[in-house]
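In what follows, a structure is listed as C-alpha cells, so that the remarks can point back to it.
When a ligand or atom number is given, it counts from 1 through the structure's own listing order. Sequence positions, counted from 1, serve as the residue numbers for this chain.
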Amino acid sequence: MLQKTIAVGADHGGYKLKRDLAKQLRGMGFEVLDFGTDNFDAVDYPDIAEVVVSAILKGQAGQGVLVCGSGIGMSIAANRHNGIRAALCNNEKAAELARQHNNANILVLGERLIELSVAKQCVERFFLSEFEGGRHHKRVQKLG
Ligand code: RB5
C-alpha cells in the first residue's frame with residue numbers, strides 16, 4: 001500500500017534536487033508536503049529535518065525525503081527521533097533495501113554527491129518497495 005503523502009525538505013545545499021524530486025513524486029501520484037527551502041539562502045539543516053520529522057510523527061505524512069549537500073547532516077538530525085528511520089542512500093539498491101529490511105521512513109540524499117538520474121532511481125525504488133517484515137521485524141522494533 002503506498003503512503004499517499006510524502007513530506008519533503010532540504011537546506012540550501014539540497015533545494016534544487018528536492019525541487020526535482022518533489023516533481024517526480026507528484027508524477028508518481030503522491031501528495032507532497034514541501035517544507036522548503038527554495039533558494040540558496042543559507043538555512044540550518046536541523047531546522048528543516050525537524051519539520052519533516054514532525055509531519056511524519058504527527059501522521060500528516062507517511063514518509064519523507066530530506067536533502068542536504070552530503071545527506072549526512074540531515075540523516076544525523078532525523079535519526080535523533082524515536083520512530084524515525086532515515087536512510088542515506090547512494091544507489092537504488094540501497095534505497096530498496098532501506099525499505100525492505102529497515103522499514104526506513106525517510107529517504108536522505110546528498111545533492112552534492114549524487115547524480116540526478118541516480119537520485120530519481122533511489123526515489124522510485126524507495127517509494128515502490130515494501131517492508132518485508134519476517135526476520136527484519138524484531139530488529140526494526142529494537143531501534144525504538
Ligand atoms: C551546507 O553547506 C552543508 O553543510 C549541508 O548541506 C550538509 O551537507 C550538512 O551535512
Please verify the inter-ring angle class for Y15 with F40; under 30° counts as parallel, over 60° as perpendicular, anything in between as tilted. perpendicular
Ignoring hydrogens and geometry, is there a side-chain-to-backbone donor-acceptor pair from [X] to [Y] under 3.5 Å?
X    : Y    : result
E132 : H101 : no
E130 : Q100 : no
K120 : E115 : no

Using a strict 4.0 Å threshold on nitrogen-to-oxygen distance, state whether D38 and K18 make a salt bridge. yes
Please tabulate, line by line, the atom pairs linking an N/O of ligand 1 to a protein N/O at a distance below 3.5 Å, with the distance in Å to 0.1, or answer 'none'.
{"unit_1": "ligand 1", "atom_1": "2 (O)", "unit_2": "R112", "atom_2": "NH1", "d": "3.3"}
{"unit_1": "ligand 1", "atom_1": "6 (O)", "unit_2": "D11", "atom_2": "OD1", "d": "3.3"}
{"unit_1": "ligand 1", "atom_1": "6 (O)", "unit_2": "D11", "atom_2": "OD2", "d": "2.6"}
{"unit_1": "ligand 1", "atom_1": "6 (O)", "unit_2": "G69", "atom_2": "N", "d": "2.7"}
{"unit_1": "ligand 1", "atom_1": "8 (O)", "unit_2": "G69", "atom_2": "N", "d": "3.3"}
{"unit_1": "ligand 1", "atom_1": "8 (O)", "unit_2": "S70", "atom_2": "N", "d": "2.9"}
{"unit_1": "ligand 1", "atom_1": "8 (O)", "unit_2": "S70", "atom_2": "OG", "d": "3.1"}
{"unit_1": "ligand 1", "atom_1": "10 (O)", "unit_2": "S70", "atom_2": "OG", "d": "3.3"}
{"unit_1": "ligand 1", "atom_1": "10 (O)", "unit_2": "G73", "atom_2": "N", "d": "2.9"}

NE2 (H137) with more than 12 external heavy atoms under 6.0 Å: no
